[in-house]
Amino acid sequence: MTDSSTAHPGGRIRPTAAARRNARRERLHTLGFLAPFLVGFCLFFAYPLIATVYFSLTHYDQVNPPTFVGLRNWDYVLFQYPQFGTALANTLWLVVLMVTARVLFGLAIGMLITKVKTGLGTVRTLFYLPYLAPPVAATTGFVYLLNPGTGPVNQILHELGIPAPNWFNDPSWSKPALTLLALWGIGDLMVIFMAALLDVPTELYEAAHLDGAGAWARFRHITFPTISPVILFAAITGVISSMQYYTQAILAGSLASGTGASPGVLFEPGYPSGSTLTLPQLVYSLGFQHYNTGAACVVALLLFALAMAFTLLLLRRGSGFLTEEGR
């Protein structure tokens, strides 16, 4: 058996040449395993982020070379561009209300399905199928169903004597209509919550029932602490998804306005009256409709900062109600 180190006259142990070669080989092997992640991280995160920061400090129209302008784009977006405040308010509305509604509705549907005794497969399929519909097709169908003049939803409301809103043509109803669209495609959260609920030990429910605990007490002290990590996961992924909300909002506004599909017509996102304008739409409008790439990069960086802030806030708050069972 050979020793991999030799004693130094001063008392220090110095590795032999063979030991150094083995350590170098292990580092190369480790680097080889990390290489796919490192390459992907640099190409798809680090470089785009650095480039976005650089372009936010320049005037760049995607044709001429960028010229450095300092913080002029930041001043323009934050203090001079009137649509930024509207897009920010709409995005925060979607983050707070739409995400909350989806989490609560998905949890309710998951709990309902776990109680179904007959036809469970059919019920799960019916609730999950809308989630598989492509966003463009689902939004187009919803705009037709909620059309204030010819849509069947308003016709049914008229028959029932209920005042029918203008939905996507009314600024006060456009975001609630988008929320209904999001609730219709609740199949993803339904499956996640259903799996979490089925994983709760039945012995805990039986013991609580013997102790006389009611339905609310069982949910509060057994169900909620057990599935709290799943609720936190659903909230964080919902916030990230709503921060990227683009296709449904811009398509609904385009179809409701009746001008988006017309050839040669430049559609400004946000119909009606800016109520469906979101920050991702602002990035598209500034960068690809008005060729103001510097301002678009500013909005993209602010959107990234908001998503990070909401995620960190949820993680910090969520750690407070994660119990030992949830950890």
Side-chain angles (χ1 to χ4, degrees), residues 15 19-78 81 84 87-88 91-92 94-95 99 134-136 188 192 229-230 232-250 269 278-319 322:
R20 290 195 296 270
R21 285 195 299 269
N22 289 335
R24 190 183 307 113
R25 189 179 299 112
E26 289 180 3
R27 287 195 293 268
L28 290 175
H29 286 167
T30 303
L31 185 61
F33 283 113
L34 289 174
F37 165 76
L38 294 176
V39 171
F41 178 83
C42 293
L43 287 178
F44 300 110
F45 182 79
Y47 170 72
L49 182 60
I50 295 172
T52 303
V53 173
Y54 167 72
F55 285 124
S56 71
L57 303 175
T58 65
H59 173 71
Y60 182 43
D61 59 3
Q62 304 179 27
V63 177
N64 300 304
T67 57
F68 184 79
V69 295
L71 298 177
R72 192 179 304 171
N73 290 323
W74 291 83
D75 178 73
Y76 170 70
V77 170
L78 292 175
Y81 192 54
F84 174 74
L88 177 61
T91 303
L92 294 178
L94 295 174
V95 168
V99 173
V136 173
D188 55 337
I192 293 173
V230 180
L232 181 62
F233 169 79
I236 291 175
T237 54
V239 166
I240 295 174
S241 177
S242 60
M243 284 288 182
Q244 302 171 354
Y245 201 72
Y246 176 84
T247 303
Q248 294 89 334
I250 195 170
T278 61
L279 289 178
Q281 293 181 51
L282 210 59
V283 174
Y284 168 79
S285 178
L286 287 170
F288 297 99
Q289 288 184 318
H290 301 286
Y291 302 102
N292 191 347
T293 304
C297 289
V298 170
V299 179
L301 289 172
L302 292 172
L303 188 61
F304 172 74
L306 281 174
M308 289 295 295
F310 270 102
T311 301
L312 293 176
L313 178 63
L314 285 172
L315 287 173
R316 183 179 179 85
R317 289 290 185 181
S319 62
L322 287 179

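Treat the numbers as computed from the prediction; the structure is a model and nothing was measured.
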Undergrad: Name the residue from Tyr291, Phe55, Phe68 that meets the ring-ring contact (aromatic ring centres under 6.0 Å, His included) definition with Tyr60.
TA: Phe55
Undergrad: I would like to know whether Thr52 and Cys297 meet side-chain contact (heavy atoms from CB on, under 4.5 Å); could you show each step before the answer?
TA: CA-CA 5 Å; Thr52 303; Cys297 289; 3.7 Å; yes
Undergrad: Is Val99 close to Leu94 at the side-chain level, that is, under 4.5 Å between some pair of heavy atoms?
TA: no
Undergrad: Within this structure, what is the CG-CZ distance for the pair Leu34 and Phe41, rounded to the nearest 0.5 Å?
TA: 12.5 Å
Undergrad: Quick check: do Tyr246 and Pro269 have side-chain heavy atoms less than 4.5 Å from each other?
TA: no
Undergrad: Going from CD1 on Ile240 to CG on Leu306, what distance comes out if it is rounded to the nearest 0.5 angstrom?
TA: 13.0 Å
Undergrad: Quick check: do Thr293 and Leu286 have side-chain heavy atoms less than 4.5 Å from each other?
TA: no
Undergrad: Using 0.5 Å steps for rounding, measure from the CG atom of Leu303 to the CE atom of Met243.
TA: 6.5 Å
Undergrad: Any side-chain to backbone donor/acceptor pair from Ser241 onto Gly238? Under 3.5 Å, distance only.
TA: no
Undergrad: Indicate yes or no: at least one non-hydrogen side-chain atom of Val77 is less than 4.5 angstrom from one of Val299.
TA: yes
Undergrad: Can you confirm whether Val69 sits close enough to Leu57 that some side-chain heavy atom of one is under 4.5 Å from a side-chain heavy atom of the other?
TA: no
Undergrad: Keeping Gln62 on the side-chain end and Gly287 on the backbone end, is there a donor-acceptor pair under 3.5 Å?
TA: yes
Undergrad: What is the distance from atom CZ of Phe84 to atom OH of Tyr76, rounded to the nearest 0.5 Å?
TA: 12.5 Å
Undergrad: Treating Asp61 as the side-chain partner and Asn64 as the backbone partner, does any N or O pair qualify as donor plus acceptor under 3.5 Å?
TA: yes
Undergrad: Mind checking whether Leu302 and Trp74 have side chains closer than 4.5 Å, heavy atoms only?
TA: yes
Undergrad: Around Phe233, counting heavy atoms of other residues, nucleotides and ligands shown, do more than 12 lie under 6.0 Å from its CZ?
TA: no
Undergrad: Please list, chain by chain and in numerical order, all residues satisfying side chain to side chain donor-acceptor pair (under 3.5 Å) with Asn292, sequence neighbours excluded.
TA: none
Undergrad: Show the atom names and distances, to 0.1 Å, of all donor-acceptor pairs under 3.5 Å that link a side chain in residues 278-285 to residues at least two apart or in another chain.
TA:
residue : atom : partner : partner atom : Å
Thr278  : OG1  : Tyr245  : O            : 2.9
Thr278  : OG1  : Gln281  : NE2          : 3.3
Gln281  : NE2  : Thr276  : O            : 2.7
Ser285  : OG   : Gln289  : OE1          : 3.2

Undergrad: With a 4.5 Å heavy-atom cut-off, do Phe44 and Leu49 have their side chains touching?
TA: no
Undergrad: Any idea which heavy atoms bring Cys42 and Pro48 closest together, and the distance?
TA: O-CD, 4.1 Å
Undergrad: Report the C-alpha separation of Thr58 and Thr67 in whole Å, then their side-chain angles, then the decisive distance to 0.1 Å, and conclude whether the side-chain contact (heavy atoms from CB on, under 4.5 Å) test is met.
TA: CA-CA 5 Å; Thr58 65; Thr67 57; 5.8 Å; no
Undergrad: Should Ile236 and Thr311 count as side-chain neighbours, where that means a heavy-atom distance under 4.5 Å?
TA: yes
